[in-house]
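Remarks on the structure that follows.
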Number of protein chains: 2
Amino acid sequence: MGRKPGTDSTTAHPSSSHVTLAVVLQVRAGSLAALLWQRAQDPFAGRWALPGGYLDPGETLEQSSRRHLAVKVDVRELAHLEQLATLSEPDRVPGEWQLATAYLGLVPSDLDPVLPADTGWHPIDRLPPPAFDHGAIVLAGRERLRGKLSYTNVGFALAPEEFTLSELRDLYAAALGHAVSATNLQRVLVRRDVIEPTGSRRAPGPVGGRPGALYRFRERRLAITDQFAVLRPPGPARAAAS
Amino acid sequence: MGRKPGTDSTTAHPSSSHVTLAVVLQVRAGSLAALLWQRAQDPFAGRWALPGGYLDPGETLEQSSRRHLAVKVDVRELAHLEQLATLSEPDRVPGEWQLATAYLGLVPSDLDPVLPADTGWHPIDRLPPPAFDHGAIVLAGRERLRGKLSYTNVGFALAPEEFTLSELRDLYAAALGHAVSATNLQRVLVRRDVIEPTGSRRAPGPVGGRPGALYRFRERRLAITDQFAVLRPPGPARAAAS
DNA sequence: GCAAAAGTGTTGTGTCTACACCCATGT
DNA sequence: ACATGGGTGTAGACACAACACTTTTGC
């Protein structure tokens with residue numbers, strides 16, 4: 001049967017249990033970082049695991065993921081949450097046949113949720129030793145984010161409400177893992193109507209330099225912005241938004 | 001507990017059960033068609049469902065999907081199978097809390113597997129009344145296919161080993177749902193090294209016309225061919241395949 | 001005035017669509 | 001010869017990268 005919360009884990013194994021796991025990503029100090037907690041007990045004592053836990057009867061997978069996450073991160077701080085995949089290899093967890101549905105969650109860079117002592121952010125290209133197959137899941141989350149940054153507006157989930165273009169460039173650069181030009185990023189995102197200027201400017205800093213104009217994302221829900229590059233329908237079917 | 005094969009389905013429901021479902025698509029007679037079987041019993045007696053069934057202990061989700069599919073379609077006829085999503089809404093199946101992991105399977109257009117009497121192909125834009133939430137799952141499968149046709153080589157899974165360009169154009173047109181130009185399709189796929197000429201030509205038909213050159217897909221495993229359109233890394237980092 | 005950061009103008013390139021034109025086959 | 005389909009050549013439209021140049025701030 002599905003594992004009931006509170007059941008002693010030393011009982012004979014049911015046919016399967018099901019957990020949800022979340023790859024929560026945020027750009028911190030110029031690097032893409034993942035939220036991990038350090039296991040105190042075997043298996044994999046001392047190694048780092050994704051936040052998550054058992055699925056409760058009657059809840060959806062997304063609710064389960066949000067519920068387990070609420071222990072680590074205030075749920076309202078998650079700007080986006082989407083399902084990644086469900087893993088089912090019989091040996092992915094020792095001693096138990098455990099299905100895991102992984103989610104990708106994104107936290108805007110201006111938030112800093114309070115975390116329990118055993119939990120922390122880790123730059124994604126210097127992960128500490130992972131528990132189970134969680135290392136691979138984190139990488140799958142990064143790939144998903146990279147892809148969606150290119151053809152959707154997911155950027156909104158990494159950015160604060162308002163930002164300058166250089167700040168946004170740094171977020172994209174950290175998430176994509178390569179240099180990004182603020183000049184070209186602006187033109188791409190404005191042409192696609194993904195971002196718009198707010199009209200105000202950031203207060204000038206102490207180091208000099210022209211203060212940057214502030215922008216915001218037009219939509220803060222996921223939308224596809226590159227309606228597919230290739231193999232478009234024929235004809236003069238290009239409608240322009242006003 | 002996970003439902004064991006042969007268990008009477010009238011026993012009390014466990015906390016959850018888990019099934020796999022497959023959206024199997026093939027281009028038939030110029031239309032994209034999905035494989036469905038007609039339910040004999042309630043719930044949803046007479047309505048059409050996706051092939052699939054309960055997950056057995058110790059098998060992976062993909063193995064489960066292939067196993068259930070083997071009843072309907074010879075597994076070797078599936079050119080591609082990938083996971084779509086896992087559904088968990090508590091009310092998606094009446095009287096039972098059932099998780100379902102959906103897969104997308106593709107069958108090349110030159111195959112015609114033998115099917116059980118209750119099973120058949122249905123053009124995807126004129127589906128018969130679906131059981132459960134299977135209508136939405138089929139549409140999700142089509143969306144996935146459309147997207148991947150644009151930036152991967154999935155076309156191989158819809159096409160026979162060898163084909164002319166007009167045949168391939170018809171497959172793409174059926175799957176994408178809009179007209180496709182054979183001229184441009186050829187140039188896109190050849191430039192990206194997705195297809196190559198075999199050297200031979202199709203035997204001339206009875207209606208006249210120049211016989212078409214035969215092509216094949218270079219790879220018959222999924223590969224990303226449009227390494228992302230936008231937000232590429234900077235610099236002269238364009239390597240060309242030989 | 002000078003350094004630093006932001007923003008704009010402009011040019012070049014690659015990739016795709018559209019369409020005209022040529023080629024090969026059957027009747 | 002002519003109809004029917006296959007294939008190539010070429011021109012135009014975008015969208016993007018790169019980079020020079022201008023603007024606005026602090027010192």
Side-chain angles (χ1 to χ4, degrees), chain A residues 149-151 162-170 172-173 176 178-215 225-241, chain B residues 149-151 162-170 172-173 176 178-215 225-241:
Chain A
L149 276 176
S150 297
Y151 67 92
E162 301 194 337
F163 47 85
T164 67
L165 271 167
S166 1
E167 289 160 5
L168 190 64
R169 162 179 46 94
D170 292 342
Y172 272 72
L176 292 171
H178 64 248
V180 172
S181 143
T183 300
N184 295 331
L185 186 64
Q186 196 249 29
R187 292 208 255 244
V188 169
L189 295 183
V190 166
R191 178 179 12 208
R192 294 182 180 176
D193 270 322
V194 174
I195 60 174
E196 62 187 359
T198 66
S200 45
R201 317 188 140 273
R202 174 126 303 175
V207 291
R210 174 174 172 175
L214 291 176
Y215 285 78
T225 58
D226 189 13
Q227 197 61 356
F228 275 125
V230 179
L231 306 178
R232 274 189 286 268
R238 303 267 206 301
Chain B
L149 276 177
S150 296
Y151 67 92
E162 301 194 337
F163 48 84
T164 67
L165 270 168
S166 0
E167 290 160 5
L168 190 64
R169 161 178 48 93
D170 293 341
Y172 272 71
L176 292 171
H178 65 249
V180 172
S181 144
T183 301
N184 294 331
L185 186 63
Q186 196 249 29
R187 293 210 254 245
V188 169
L189 296 183
V190 166
R191 176 177 10 204
R192 294 182 179 178
D193 271 323
V194 174
I195 61 173
E196 62 187 358
T198 68
S200 45
R201 316 186 141 273
R202 174 127 302 177
V207 290
R210 173 173 172 176
L214 291 175
Y215 286 79
T225 58
D226 189 14
Q227 196 62 355
F228 274 127
V230 180
L231 306 178
R232 275 190 285 269
R238 303 263 207 304

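Throughout, a chain's letter reflects where its sequence line sits, starting with A, and its residues are numbered from 1.
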Point to revise | Nearest-Å distance for atom pair OH/P, residues A:Tyr172 and D:dA17 | key: 13 Å
Check your understanding: Closer to the 5' end of DNA chain D via nearest nucleotide, is it B:Arg187 or B:Arg169?
Key -> B:Arg169
Review point. B:Leu214 has an atom CG; how far is it from atom C1' of D:dG6, in whole Å?
Key: 12 Å
**Study point:** Residue A:Arg191, side-chain heavy atoms: nucleotide from D:dG6, D:dC16, C:dT10 that is nearest
**Key:** D:dC16
Exercise for review: Return the value, rounded to whole Å, for the distance between atom CG of B:Asn184 and atom P of C:dG14.
Suggested key: 19 Å
Point to revise | Results of ring-ring contact (aromatic ring centres under 6.0 Å, His included) for B:Phe163 - residues two or more places apart only | key: B:Phe217
Strictly under 3.5 Å: I want the nitrogen or oxygen pairs between protein and nucleotides 20-24 of chain D, one per line.
{"unit_1": "D:dT23", "atom_1": "O2", "unit_2": "A:Arg210", "atom_2": "NH1", "d": "3.0"}
{"unit_1": "D:dT24", "atom_1": "O2", "unit_2": "A:Arg210", "atom_2": "N", "d": "3.3"}

Exercise for review: Any chance you could measure B:Asp193, atom CG, to B:Arg191, atom CZ, to the nearest 0.5 Å?
Suggested key: 11.0 Å
Review point. Whole Å only: how far is the OH atom of A:Tyr151 from the P atom of D:dC16?
Key: 16 Å
Exercise for review: Starting at atom CG of B:Leu189, determine the distance to atom C1' of C:dC16, rounded to an integer number of angstrom.
Suggested key: 13 Å
Point to revise | A:Arg192 vs D:dA15: side-chain N/O to OP1/OP2 distance below 4.0 Å | key: no
Review point. When rounded to the nearest 0.5 angstrom, what distance separates OH in A:Tyr215 from CG in A:Leu165?
Key: 5.0 Å
**Study point:** A:Asp193 CG - D:dA15 P separation (whole Å)
**Key:** 12 Å
Review point. Nearest-Å distance, CG (B:Asp226) to P (C:dG14)?
Key: 16 Å
Study note, to complete from the structure: Checking D:dG6, C:dC16, D:dA17 against the side chain of B:Val188 (C-beta onward), the nearest is C:dC16
Practice item. Determine the contact category for B:Ala213: base if any of its heavy atoms lies under 4.0 Å from a base atom, sugar-phosphate if only primed atoms, P, OP1 or OP2 are that close, otherwise nothing. Key: sugar-phosphate
Practice item. Could you list the residues that satisfy side chain to side chain contact (heavy atoms under 4.5 Å, CB included) with A:Ser181, not counting sequence neighbours? Key: A:Thr183, A:Asn184
**Study point:** B:Arg201 CZ to B:Thr164 OG1 distance, which is reported to the nearest 0.5 Å
**Key:** 11.0 Å
Check your understanding: Can you tell me how far OG1 of B:Thr225 sits from CD1 of B:Ile195, rounded to the nearest 0.5 angstrom?
Key -> 11.5 Å
**Study point:** Atom of A:Ser150, atom of A:Arg192 and distance for their closest heavy-atom approach
**Key:** O-NH1, 3.2 Å
Point to revise | Side-chain N,O (A:Ser181) to OP1/OP2 (D:dA17) below 4.0 Å | key: no
Practice item. Round to a whole Å and report the spacing from CG of A:Leu168 to C1' of C:dA5. Key: 17 Å
Practice item. Establish, with yes or no, whether the OP1 or OP2 oxygen of D:dG6 is under 4.0 angstrom from a side-chain nitrogen or oxygen of B:Gln186. Key: no
